[in-house]
J.: 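Here you go, one structure.
Note that the structure is a prediction, hence the values are computed from the model and not measured. Quick note on labels: first sequence line is chain A, next is B, and so on, each numbered from 1.
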Number of protein chains: 2
Amino acid sequence: MKDFLTLEKQLCFAIYQTSSEFTKLYTSVLQTFGLTYPQYLLLLALWEKDEVTVKELGQTLNLGTGTLTPMLTRMEANGWLRKERSKTDERNVLIFLQDKARKEKQAITNKIAEEILDCHIEIEEYIQLMRGLKGLQEKLKGRT
Amino acid sequence: MKDFLTLEKQLCFAIYQTSSEFTKLYTSVLQTFGLTYPQYLLLLALWEKDEVTVKELGQTLNLGTGTLTPMLTRMEANGWLRKERSKTDERNVLIFLQDKARKEKQAITNKIAEEILDCHIEIEEYIQLMRGLKGLQEKLKGRT
DNA sequence: TATTATTGTATCGTGTACGATTTAATCTTA
DNA sequence: TAAGATTAAATCGTACACGATACAATAATA
């Protein structure tokens, strides 16, 4: 049991700090484009599927409106996207990518890829890690 | 290259969301004790080594004073710890655990262990994952 | 159809995170 | 030892993150 707690403590720090390091790497690349890491994740989601409601986006990103609304407002102000209330159901707000987001996509992802490759991360290792993370996520979610 | 970007995207989300799920699990347990997850991590560090400077704590947790100072102020107000300016070098502020933190330690860690065990996480899997995270962390750090 | 329940966003309050600046204490070294 | 450099915290501004609440639009149903 003592060992278990030590292990648990180490996992806490490992996830917390890896996530933080990861964010920092991305931040350093993204600030050239005037983007934050969460904003980049939001763009990743929109590049995959455009013209979605705030709710849909929230489900994709695991975020509530308390986080999304102000974030979307900022990104709209910066010209990445456009918000428009749905005509058919005025409760919904639809998010549309702006030209800027479509045009810069390549430049952004290329730069990211370049930096990531610079870390010499082995693909196999990468996949292993992701599998582990997803496994843990499932178990964490299942509990709730 | 196309595949690489897809993979990279998946890792982004995997780390981001696992970290978020992890935080949520801990938050649900910790709120009973009036603690947040970052505050719990801070206590973990202090239980390991008490009577440290803000700077030391920052190195352990990978946090700057912009985050720590207000956090320590809140935790002092809640009776978890005490801040005291060092007599020998008045630039340093030393952090001391309060009785409350020592007394509640067992209750807190027991409750956490209980919840984690509830997730049926295999120890082997756990260790694998951590190894992967630490490996990634090293590579991310090395780049800077 | 008038009432009630539900749904989708927005808003608010609290608590991280982090870079940049400020301030006070200590250290260097000319 | 006095001027300048360095160091440790605090402070400030911006940006998440999240629970709780508010509010307007739509759906359900009596």
Side-chain angles (χ1 to χ4, degrees), chain A residues 12 16-28 30-43 52-78 80 83-95 144, chain B residues 12 16-28 30-43 52-78 80 83-95 144:
Chain A
C12 282
Y16 183 69
Q17 290 179 356
T18 306
S19 169
S20 147
E21 287 297 328
F22 209 71
T23 303
K24 277 175 199 164
L25 168 63
Y26 274 80
T27 300
S28 76
L30 292 168
Q31 66 186 356
T32 323
F33 301 96
L35 280 174
T36 67
Y37 182 52
Q39 288 173 8
Y40 168 69
L41 292 180
L42 198 152
L43 283 185
V52 291
T53 66
V54 174
K55 184 188 168 75
E56 265 179 281
L57 211 45
Q59 284 163 344
T60 306
L61 300 171
N62 245 296
L63 293 173
T65 63
T67 304
L68 279 178
T69 301
M71 209 167 138
L72 290 168
T73 304
R74 277 187 292 271
M75 291 180 77
E76 183 172 38
N78 293 331
W80 295 107
K83 294 162 68 176
E84 192 181 316
R85 207 158 270 279
S86 164
K87 295 281 189 300
T88 57
D89 183 343
E90 293 202 9
R91 286 172 302 182
N92 291 290
V93 168
L94 293 169
I95 308 300
T144 327
Chain B
C12 282
Y16 183 69
Q17 290 179 356
T18 306
S19 168
S20 144
E21 287 297 328
F22 210 71
T23 303
K24 277 175 200 163
L25 168 63
Y26 274 79
T27 300
S28 77
L30 291 168
Q31 65 185 357
T32 324
F33 300 97
L35 280 173
T36 67
Y37 182 52
Q39 288 173 6
Y40 168 69
L41 293 179
L42 198 152
L43 283 185
V52 292
T53 65
V54 174
K55 184 188 167 75
E56 266 178 281
L57 211 46
Q59 284 163 345
T60 307
L61 299 171
N62 246 297
L63 293 174
T65 64
T67 305
L68 279 177
T69 301
M71 208 168 140
L72 290 168
T73 304
R74 277 188 290 272
M75 291 180 78
E76 182 173 40
N78 293 332
W80 295 106
K83 294 162 67 176
E84 193 181 316
R85 209 159 267 281
S86 164
K87 295 281 188 298
T88 57
D89 185 344
E90 292 203 8
R91 285 172 303 181
N92 291 291
V93 168
L94 294 169
I95 308 301
T144 328

J.: Name the nucleic acid region contacted by A:S20, choosing base, sugar-phosphate or nothing; use a 4.0 angstrom heavy-atom cut-off, strictly under.
T.: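 If one applies the 4.0 Å heavy-atom cut-off, A:S20 turns out to touch the sugar-phosphate alone, with no base involved.
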J.: Rounded to whole angstrom units, what separation is found between the CD atom of B:E90 and the C1' atom of D:dT7?
T.: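 Whole-Å distance recorded here is 14 Å.
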J.: Would you kindly give the CD-to-P distance between B:Q59 and D:dT7, to the nearest whole Å?
T.: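 Rounded to whole Å, this separation is 12 Å.
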J.: Using the salt bridge (charged side-chain N to carboxylate O under 4.0 Å, His left out) rule, collect all pairs that involve residues 54-69 of chain A, keeping only residues at least two apart or in two chains.
T.: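 For residues 54-69 of chain A, and leaving out neighbouring residues, the salt bridge (charged side-chain N to carboxylate O under 4.0 Å, His left out) pairs sorted by first residue read A:K49-A:E56.
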J.: Okay, side chain of B:N78, backbone of B:W80: is any donor-acceptor separation there less than 3.5 Å?
T.: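 Here the side-chain-to-backbone pair does not exist.
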J.: Rounding to a whole Å, what distance do you find between B:I95:CD1 and D:dA8:C1'?
T.: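 So the CD1-C1' distance, B:I95 to D:dA8, works out to 12 Å.
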J.: Tell me: CD of A:Q17 to P of C:dA17, nearest whole Å?
T.: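 In whole Å, C:dA17 P lies 11 Å from A:Q17 CD.
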J.: Without decimals, in angstroms, what is the distance between A:L61 CG and D:dC18 C1'?
T.: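 Taking atom C1' of D:dC18 as the reference, CG of A:L61 is at 15 Å.
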J.: Give each protein N/O atom lying under 3.5 Å from an N/O atom of nucleotides 7-15 of chain C, with the pair distance.
T.:
unit_1	atom_1	unit_2	atom_2	d
C:dG8	OP2	A:K55	NZ	3.0
C:dG8	O3'	A:R91	O	3.2
C:dG8	O3'	A:N92	OD1	3.3
C:dT9	OP1	A:V54	N	3.3
C:dT9	OP1	A:N92	OD1	3.4
C:dT9	OP1	A:V93	N	3.0
C:dT9	OP1	A:V93	O	3.4
C:dT9	OP2	A:K55	N	2.8
C:dA10	OP2	A:T69	OG1	3.0
C:dA10	N7	A:T65	OG1	3.0

J.: Identify each donor-acceptor pair in which a side-chain atom of residues 32-43 of chain B lies under 3.5 Å from a protein atom, sequence neighbours left out, and give them as a table.
T.:
unit_1	atom_1	unit_2	atom_2	d
B:T32	OG1	B:V29	O	2.9
B:T36	OG1	B:Q39	N	3.2
B:Q39	OE1	B:T36	N	3.3

J.: Are OP1 or OP2 of D:dA17 and a side-chain N or O of B:Y16 less than 4.0 angstrom apart?
T.: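 It does, given that an N or O in the side chain of B:Y16 lies less than 4.0 Å from OP1 or OP2 of D:dA17.
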J.: Over how many whole Å does the gap from B:E21 atom CD to D:dA17 atom P extend?
T.: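 Result: 14 Å.
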J.: For B:Q31 and D:dC18, give me the distance from atom CD to atom P, rounded to whole Å.
T.: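 Result: 14 Å.
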J.: Would you mind reading off the distance between A:Y26 atom OH and C:dC18 atom P, rounded to a whole angstrom?
T.: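 Answer to the nearest Å: 17 Å.
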J.: Find out whether A:Y26 and B:C12 are in side-chain contact, i.e. whether some heavy atom of one side chain is under 4.5 Å from a heavy atom of the other.
T.: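 Answer yes - side chains close enough.
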J.: Given side chains that start at C-beta, do those of B:K24 and A:N62 come closer than 4.5 Å, heavy atoms only?
T.: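 In short, these two side chains touch, coming nearer than 4.5 Å.
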J.: Taking B:S20 for the side chain and B:Y16 for the main chain, is one N or O donor matched with an acceptor at less than 3.5 Å?
T.: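 No, because the side chain of B:S20 does not come within donor-acceptor range (under 3.5 Å) of the backbone of B:Y16.
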